[in-house]
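One structure is given below, encoded as structure tokens.
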Number of protein chains: 2
Amino acid sequence: MKSDQPKLTSSVGKRLAQRRQGVTLADVARIAKVSEITVSRVLRRQGAIAESTRERVLDAVQHVGYVPNRLAGGLASSGSKLVGVIVPSLTNIVFPEVLDGIRSALADTGFQAVIGVSDYDLNTEEELVASLLAWRPEAMVIAGVEHTPVARAMLEGSGVRIAEIMEIDSQPIDLAVGHSHRQAGYDTGRYLIDKGYRRFGYVGHDWTADRRAQLRHDGLVMALAEAGLELIDRSLHDGPSSTASGRSVLAALLSRQSALDVVVFSNDDMATGGVFHCMSAGIVPKVDLGLFGFNGLDIGQALPTPLSTLRSNRFLTGRTAIEMLLRQRDRPMQPEIIDTGYQILPGATA
Amino acid sequence: MKSDQPKLTSSVGKRLAQRRQGVTLADVARIAKVSEITVSRVLRRQGAIAESTRERVLDAVQHVGYVPNRLAGGLASSGSKLVGVIVPSLTNIVFPEVLDGIRSALADTGFQAVIGVSDYDLNTEEELVASLLAWRPEAMVIAGVEHTPVARAMLEGSGVRIAEIMEIDSQPIDLAVGHSHRQAGYDTGRYLIDKGYRRFGYVGHDWTADRRAQLRHDGLVMALAEAGLELIDRSLHDGPSSTASGRSVLAALLSRQSALDVVVFSNDDMATGGVFHCMSAGIVPKVDLGLFGFNGLDIGQALPTPLSTLRSNRFLTGRTAIEMLLRQRDRPMQPEIIDTGYQILPGATA
DNA sequence: CTGTTAGCGCTTTCAG
DNA sequence: CTGAAAGCGCTAACAG
């Protein structure tokens with residue numbers, strides 16, 4: 001394998017054999033017969049370099065297959081070109097979508113994201129904050145505004161810019177990007193009440209892990225209360241949201257409570273499962289029973305009866321967070337909040 | 001904000017004010033009245049340390065809120081505790097699932113994954129290889145076995161262990177973990193032929209981006225040929241797979257070709273869309289038309305008629321890749337291949 | 001346009 | 001059990 005590499009100047013070859021390490025700037029400099037800093041400048045396109053030396057350096061780089069060492073570069077320049085990102089999950093598709101927005105904003109900036117997954121656990125999140133901060137990121141994106149006191153202290157104390165995303169219902173440390181979940185729940189209630197629904201049921205998943213789902217629920221209940229209504233019944237799945245559980249939990253709810261005219265789900269995964277249950281049970285969505293989700297996932301819109309739901313803008317949220325963070329390296333005097341909003345997708349199930 | 005931090009010894013406070021940088025080992029050492037190396041040892045639990053000094057150091061760390069600098073640590077020890085990972089996409093759920101397997105294998109090892117997304121583009125992948133290698137990862141995981149010559153050379157030359165995952169149909173650089181897509185396609189064909197299907201159609205997505213889908217297709221055609229059969233018709237969507245396109249492309253195929261008794265889809269996303277089309281068009285899966293997917297996604301199994309498909313083991317693939325890589329730091333003499341296999345899920349659509 | 005001199009913050013020797 | 005000295009590979013800050 002090693003022998004497949006291009007042949008190197010013997011001195012470099014020897015050093016490599018001894019070190020097992022990679023080629024360094026010094027190696028390139030020696031071959032190009034310039035100083036290390038000149039190589040460094042060429043590679044970073046910084047400062048004026050004579051075209052002839054530039055070529056010589058680039059040739060040398062090619063020749064020895066030099067790959068810069070960012071650990072060293074970051075240390076020397078105290079600028080890691082890293083952004084730390086913490087999300088609760090990868091299996092819930094909304095988070096990969098946020099990451100995709102982050103990726104798109106980071107493209108061509110030279111920044112790399114280092115991603116941590118907290119698994120909806122605040123203590124895990126705290127550990128991740130510490131370990132990501134150890135990479136000296138130049139900014140940090142973290143889902144949610146709820147953190148352990150220690151995690152919060154580390155984030156505040158780090159001095160780097162922090163975007164707390166997906167939620168703007170509380171005051172952020174520095175910047176919040178997302179939308180109000182309480183308001184989304186409230187708007188869901190208003191929309192359905194306006195449609196004439198009166199007998200509300202709710203199908204949800206584990207709240208202790210997903211407080212944003214709870215905020216939406218609370219907003220919904222608030223809208224109902226204002227209209228003199230209340231949730232007639234609700235059923236919660238003890239675990240993360242999924243199509244399968246949406247299906248079974250709706251079945252359970254309906255088996256004990258037949259008087260509902262609409263069911264609001266904690267999100268589209270659950271609601272899609274609900275639609276599947278209806279299909280199996282011969283219940284016609286909207287006609288026999290209204291169903292309403294949250295997120296506006298593609299899958300829900302591709303259903304034979306497209307899901308009535310609220311679309312949140314995950315990609316935009318990720319993208320905006322990064323754009324804001326990179327725009328200004330110092331924290332603002334006042335915490336800032338950016339609402340990326342949501343839209344009602346009327347669909348065909350409510 | 002800054003003033004909310006715990007009060008620091010005045011000397012440290014002054015240095016911080018000057019540097020805007022974080023607290024360093026030296027600061028902790030001064031406060032604990034030990035040398036830097038002792039602090040370092042305590043933090044890395046390395047070498048014997050008197051319990052009393054250990055406590056003194058830990059107190060100091062707490063007091064000043066010290067966060068180690070991994071750039072410096074990695075540089076000094078030439079060990080980054082980083083694993084580079086490159087996947088083609090985050091929006092196709094199978095990749096987040098692989099990442100989750102990687103994450104689970106990395107948990108409690110002290111390693112961090114740095115993730116790059118190639119967007120199914122080999123040139124982008126090449127850039128990612130270079131930029132991830134610059135972080136001096138101790139191992140690298142990359143989806144697929146197809147790379148640009150330059151990317152391949154960098155991977156080989158890096159000396160670090162490389163796992164090429166999701167595909168074992170070609171010879172890997174170092175280690176391959178996944179399953180044979182050609183074989184999966186072949187087995188799909190055998191399974192359906194044994195079921196009595198004879199008139200095959202195919203609905204797929206963009207092959208240029210997803211060569212594993214093409215391999216499955218080729219395997220399918222091979223099985224058909226062995227049985228003296230051939231694909232009667234096929235329709236390809238010019239873009240990534242999605243439920244929506246599976247739906248419309250099946251509709252298009254059926255509108256021009258009514259003699260099919262089974263349609264094989266490039267994956268479960270497409271197949272789920274196909275099932276949705278059938279629901280809308282009054283076609284009864286399995287009875288009127290067989291449908292077969294690939295991946296074994298949850299959504300397919302939660303359908304009113306669970307999808308007949310092949311389940312690939314994404315989580316296991318990610319997890320196994322990391323376990324193998326961390327088990328042995330040197331590349332094996334011979335490239336190694338690990339088959340994480342797949343299972344037929346009979347379902348109810350074929 | 002190019003080079004010299006000092007580190008960045010930590011860990012690896014090697015001593016004691 | 002603890003420390004002093006010497007870098008890791010690169011870049012900032014000055015020269016020239």
Side-chain angles (χ1 to χ4, degrees), chain A residues 12 15-16 18-30 32-57 60-61 64-82 110 133-136 138, chain B residues 12 15-16 18-30 32-57 60-61 64-82 110 131 133-136 138 158:
Chain A
V12 175
R15 294 193 53 226
L16 281 181
Q18 292 167 4
R19 287 183 301 159
R20 193 236 143 98
Q21 281 288 358
V23 186
T24 72
L25 253 200
D27 298 323
V28 177
R30 202 171 310 120
K33 301 196 191 309
V34 293
S35 67
E36 299 182 27
I37 187 65
T38 299
V39 179
S40 175
R41 284 183 182 129
V42 169
L43 263 22
R44 283 176 299 138
R45 307 174 176 64
Q46 212 232 63
I49 302 283
E51 183 55 24
S52 63
T53 54
R54 214 183 73 87
E55 280 174 14
R56 210 142 32 83
V57 167
V61 165
V64 297
Y66 171 68
V67 177
N69 184 332
R70 287 243 221 169
L71 298 176
L75 181 59
S77 66
S78 35
S80 63
K81 288 282 181 182
L82 241 30
L133 246 22
W135 288 107
R136 293 296 184 270
E138 302 185 40
Chain B
V12 174
R15 294 194 54 225
L16 282 182
Q18 292 167 2
R19 286 183 302 158
R20 193 237 142 97
Q21 281 290 356
V23 186
T24 71
L25 256 199
D27 298 322
V28 177
R30 202 170 309 119
K33 300 197 192 309
V34 293
S35 66
E36 300 183 27
I37 185 61
T38 299
V39 178
S40 174
R41 283 181 183 130
V42 169
L43 261 23
R44 284 176 299 137
R45 304 173 178 69
Q46 212 234 61
I49 302 284
E51 182 55 26
S52 62
T53 53
R54 213 183 74 86
E55 281 174 13
R56 211 141 33 85
V57 167
V61 165
V64 297
Y66 172 67
V67 178
N69 183 331
R70 287 242 221 171
L71 298 176
L75 180 60
S77 67
S78 36
S80 63
K81 287 282 179 183
L82 239 32
S131 92
L133 247 21
W135 288 107
R136 294 296 185 270
E138 303 186 39
S158 71

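This structure is a prediction, so every number in the text was calculated from the model and none was measured. Chain letters run A, B, ... following the sequence lines, proteins first and then strands; every chain starts at 1.
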| message | Does D:dT11 have its OP1 or OP2 closer than 4.0 Å to a side-chain nitrogen or oxygen of A:Ser40? | response | yes
In short, the helix from C:dC1-D:dG16 to C:dG16-D:dC1 is bent end to end, axes from five pairs each side, to 10°, by 20°
In whole angstroms, the gap separating P of D:dC10 from CG of B:Asn69 amounts to 17 Å
Between A:Ala60 and A:Ala32 the two heavy atoms that sit nearest each other are CB-CB, 4.0 Å
One should read off an interatomic distance between B:Leu133 CG and B:Leu82 CG, to the nearest 0.5 angstrom, of 11.5 Å
Between A:Val67 and B:Arg136 the two heavy atoms that sit nearest each other are O-NH2, 2.8 Å
Closest non-hydrogen atoms of B:Trp135 and B:Leu71, given as atom of the first, atom of the second and distance, are CZ3-CD2, 3.7 Å
Atom CG of B:Leu25 and atom P of C:dC10 are separated, to the nearest Å, by 4 Å
Given the options B:Leu43, B:Val39, B:Val34, B:Val28 meets side chain to side chain contact (heavy atoms under 4.5 Å, CB included) only with B:Val39
To the nearest 0.5 Å, atom OG1 of B:Thr53 lies from atom CZ of B:Arg41 at 10.5 Å
Tabulate protein N/O versus nucleotide N/O from nucleotides 2-4 of chain C, keeping only pairs under 3.5 Å, one per line.
from, atom 1, to, atom 2, distance (Å)
C:dT2, OP1, A:Thr53, OG1, 3.3
C:dT2, OP2, A:Ala50, N, 3.0
C:dT2, OP2, A:Thr53, OG1, 3.0
C:dG3, OP2, A:Ser35, N, 3.0
C:dG3, OP2, A:Ser35, OG, 3.1
C:dG3, OP2, A:Thr38, OG1, 2.8
C:dG3, N7, A:Arg41, NH1, 3.1
C:dG3, O6, A:Arg41, NH2, 2.4

note: B:Trp135, atom CH2; D:dG9, atom C1'; distance rounded to Å ~ 13 Å
From CD of B:Gln46 across to C1' of D:dT2 the rounded distance in Å is 13 Å
Note: B:Ser80 and B:Arg70 closest approach over all heavy atoms is O-NH1, 3.9 Å
note: A:Asp27, atom CG; D:dC10, atom C1'; distance rounded to Å ~ 13 Å
Can you see if the side chain of A:Arg44 gets near the phosphate of D:dT11 - specifically, an N or O under 4.0 Å from OP1 or OP2?
yes
Shortest non-hydrogen pair, A:Val23 vs A:Val64, comes out as CG2-O, 3.4 Å
Whole-Å distance, A:Tyr66 OH to D:dG9 C1', equals 7 Å
B:Leu75 atom CG is separated from C:dG7 atom C1', nearest whole Å, by 12 Å
To the nearest angstrom, the CG-P distance between B:Leu71 and D:dC10 comes to 14 Å
Interatomic distance, NZ@A:Lys81 vs OG@B:Ser131, rounded to 0.5 Å, equals 12.5 Å
